[in-house]
Number of protein chains: 2
Amino acid sequence: MGTQPKHTMLAAQRNPRRNLAEELISRGVRMTHQRRILVDLIQRADRHLDVLTLWRRARSRDSTLNKVTVYRTLSLLKKHGLVDELDLMHLEGEKHFYEARTTRDHLHLACLKCGAIMEFESSLFEKLKGQIERERRFSIQVVRMEAGGICAACRG
Amino acid sequence: MGTQPKHTMLAAQRNPRRNLAEELISRGVRMTHQRRILVDLIQRADRHLDVLTLWRRARSRDSTLNKVTVYRTLSLLKKHGLVDELDLMHLEGEKHFYEARTTRDHLHLACLKCGAIMEFESSLFEKLKGQIERERRFSIQVVRMEAGGICAACRG
DNA sequence: ATTCTTATTGCAAGTGAGTTGCAACATGGA
DNA sequence: TCCATGTTGCAACTCACTTGCAATAAGAAT
């Protein structure tokens, strides 16, 4: 297993959502130079990004952009429900990964052998959420489901 | 919301599993005084325990028991698949919570308003896992599902 | 019961993700 | 263009968790 997890195409690319920057502006958030860069990178991301990777990419557009700003921007996006925070089964320590929230929830499969990360959408997942909302009268705002195991490729 | 989350009765109490200490011994693990205390506390726990709480309880039985030993014992139990590690939606910062693994998986609901933690078992959850195993040929070893939202009591 | 090998513990120091206080700065409305 | 206020960068900090190592204790062998 490599130092970075392998990621298949993201749900965020299959089910694009409307512009994150516009979304923030429409909520009265001040759109700074730094936020524009970060939000654009998150939106176009080819895989789940951790803070360090996002920071490195952002610095190639503005070398003065501070890591603290990355943390603060991610907090802001989380607060507005525009990104989801993932653990990816702590395959690489305690750090978090981020992805733009899509219209339909999906769950993450993390191969404990090769480190591959896969996404999975299912109507059963939607039904399960519905069951929780009904039977417990629990209004779901954010869901996180991750499974660790061995992927098809590693099983051979 | 208080400083500690409120927990309803644990699935581990409804569906007891066989003795954790025995389980470890049968796997050839050396059963130390410290491990016996910790494993017993985890087994009898009335709620999801974080490291500090577990440490405090353990010290009341052996005041010299070090926090590092708590971390190492939890790692050991995790490695053997005997406990599950939970985030509980980071309601209280980045720390983790632990529970003895039960025969049937369940998911956790965390109320973002009052901090209540609820457990939920469902055949839909089992079906969803089955679908993943079949359609992706992914062999699940550990699953974590958590939902954040507003509980029935807080909705009124 | 005693010895002996080896895993485990306690301690202290370290790591690394994430946070905070604050002065300088930039956004966007007036 | 001005100005009030939100945002940034910096440095220092917090907090959960890990690691190196010498002392200790489990439990198998005798």
Side-chain angles (χ1 to χ4, degrees), chain A residues 3-5 20-22 24-41 48-56 58-59 61-80 83 85-98, chain B residues 3-5 20-39 41 48-56 58-59 61-80 83 85-98:
Chain A
T3 64
Q4 287 284 350
L20 279 182
E22 283 171 19
L24 283 175
I25 291 166
S26 77
R27 290 160 193 243
V29 170
R30 195 174 283 190
M31 188 47 50
T32 64
H33 175 59
Q34 293 89 332
R35 285 180 180 163
R36 219 179 294 276
I37 292 173
L38 290 167
V39 142
D40 182 62
L41 286 170
H48 306 101
L49 297 173
D50 60 6
V51 169
L52 209 68
T53 306
L54 181 54
W55 185 38
R56 273 197 294 259
R59 270 193 304 178
R61 294 201 200 168
D62 174 353
S63 60
T64 69
L65 196 151
N66 197 280
K67 205 199 295 192
V68 177
T69 301
V70 178
Y71 280 110
R72 289 199 270 231
T73 301
L74 286 170
S75 286
L76 180 78
L77 289 167
K78 240 190 302 178
K79 200 180 76 189
H80 285 276
V83 296
E85 188 177 62
L86 313 170
D87 282 356
L88 302 184
M89 294 318 279
H90 299 303
L91 242 47
E92 303 181 46
E94 296 299 311
K95 73 185 170 195
H96 291 127
F97 294 86
Y98 298 87
Chain B
T3 63
Q4 287 284 350
L20 278 182
E22 283 172 21
E23 193 85 29
L24 284 175
I25 290 166
S26 77
R27 290 160 194 244
V29 169
R30 196 175 282 190
M31 188 48 49
T32 64
H33 175 58
Q34 293 88 335
R35 284 182 182 161
R36 220 180 293 278
I37 292 173
L38 290 167
V39 144
L41 286 170
H48 305 102
L49 296 173
D50 60 7
V51 170
L52 209 67
T53 305
L54 181 54
W55 185 39
R56 274 196 295 258
R59 271 192 303 178
R61 294 202 201 168
D62 173 353
S63 60
T64 69
L65 197 152
N66 198 279
K67 205 199 293 191
V68 177
T69 301
V70 178
Y71 280 111
R72 289 198 270 230
T73 301
L74 287 170
S75 285
L76 180 78
L77 291 167
K78 239 191 302 178
K79 199 180 77 190
H80 284 277
V83 296
E85 187 177 63
L86 314 169
D87 283 356
L88 301 184
M89 296 316 280
H90 299 304
L91 243 46
E92 302 181 46
E94 296 299 310
K95 73 184 170 196
H96 292 126
F97 294 88
Y98 298 88

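Chain identifiers are assigned alphabetically (A, B, ...) following the order of the sequence lines, protein sequences preceding nucleic acid strands; residue numbering begins at 1 within each chain.
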Is there side-chain contact between Lys67(A) and Val51(A), with heavy atoms separated by less than 4.5 Å? yes
With sequence neighbours excluded, tell me which residues meet ring pair (Phe, Tyr, Trp, His ring centres under 6.0 Å) with His48(B). His7(B), His108(B)
Please list, in 5' to 3' order, the outermost nucleotides of DNA chain C lying under 4.0 Å from any heavy atom of chain A. dA17(C) to dG28(C)
Quick one, Leu74(B) and Leu54(B) - any side-chain contact, counting heavy atoms below 4.5 Å? yes
Output all residues satisfying ring pair (Phe, Tyr, Trp, His ring centres under 6.0 Å) with His80(B), sequence neighbours left out; order by chain, then residue number. none
Salt bridge (charged side-chain N to carboxylate O under 4.0 Å, His left out) filter on Asp40(A), not counting sequence neighbours, yields Arg44(A), Arg61(A)
Here the distance between atom C1' of dG6(D) and atom CG of Leu76(A), to the nearest Å, is 11 Å
Base versus backbone protein contacts along nucleotides 13-24 of chain D [heavy-atom cut-off under 4.0 Å; B, S, -]: ---SBBBB----
Could you give me the CA-CA distance, side-chain angles and deciding distance for Leu24(B) and Leu76(B), then say whether side-chain contact (heavy atoms from CB on, under 4.5 Å) is met? CA-CA 9 Å; Leu24(B) 284 175; Leu76(B) 180 78; 4.3 Å; yes
Got Glu85(A) and Phe97(A) here, is their nearest side-chain heavy-atom distance under 4.5 Å? no
Before giving the answer on side-chain contact (heavy atoms from CB on, under 4.5 Å), spell out for Gln34(B) and Ile37(B) the whole-Å C-alpha distance, their side-chain angles and the decisive distance to 0.1 Å. CA-CA 5 Å; Gln34(B) 293 88 335; Ile37(B) 292 173; 5.9 Å; no
Could you verify whether a donor N or O on one side chain and an acceptor N or O on the other, from Asn66(A) and Thr69(A), lie under 3.5 Å apart? no
Assess, by modelled atom type and distance only, whether the side chains of His96(A) and Asp50(A) contain a donor and an acceptor separated by less than 3.5 Å. no
Please tabulate the protein-to-nucleotide N/O contacts below 3.5 Å involving nucleotides 26-30 of chain D, giving atom names and distances.
residue, atom, partner, partner atom, Å
dA26(D), N3, Arg30(B), NH1, 3.3
dG27(D), OP1, Met31(B), N, 2.8

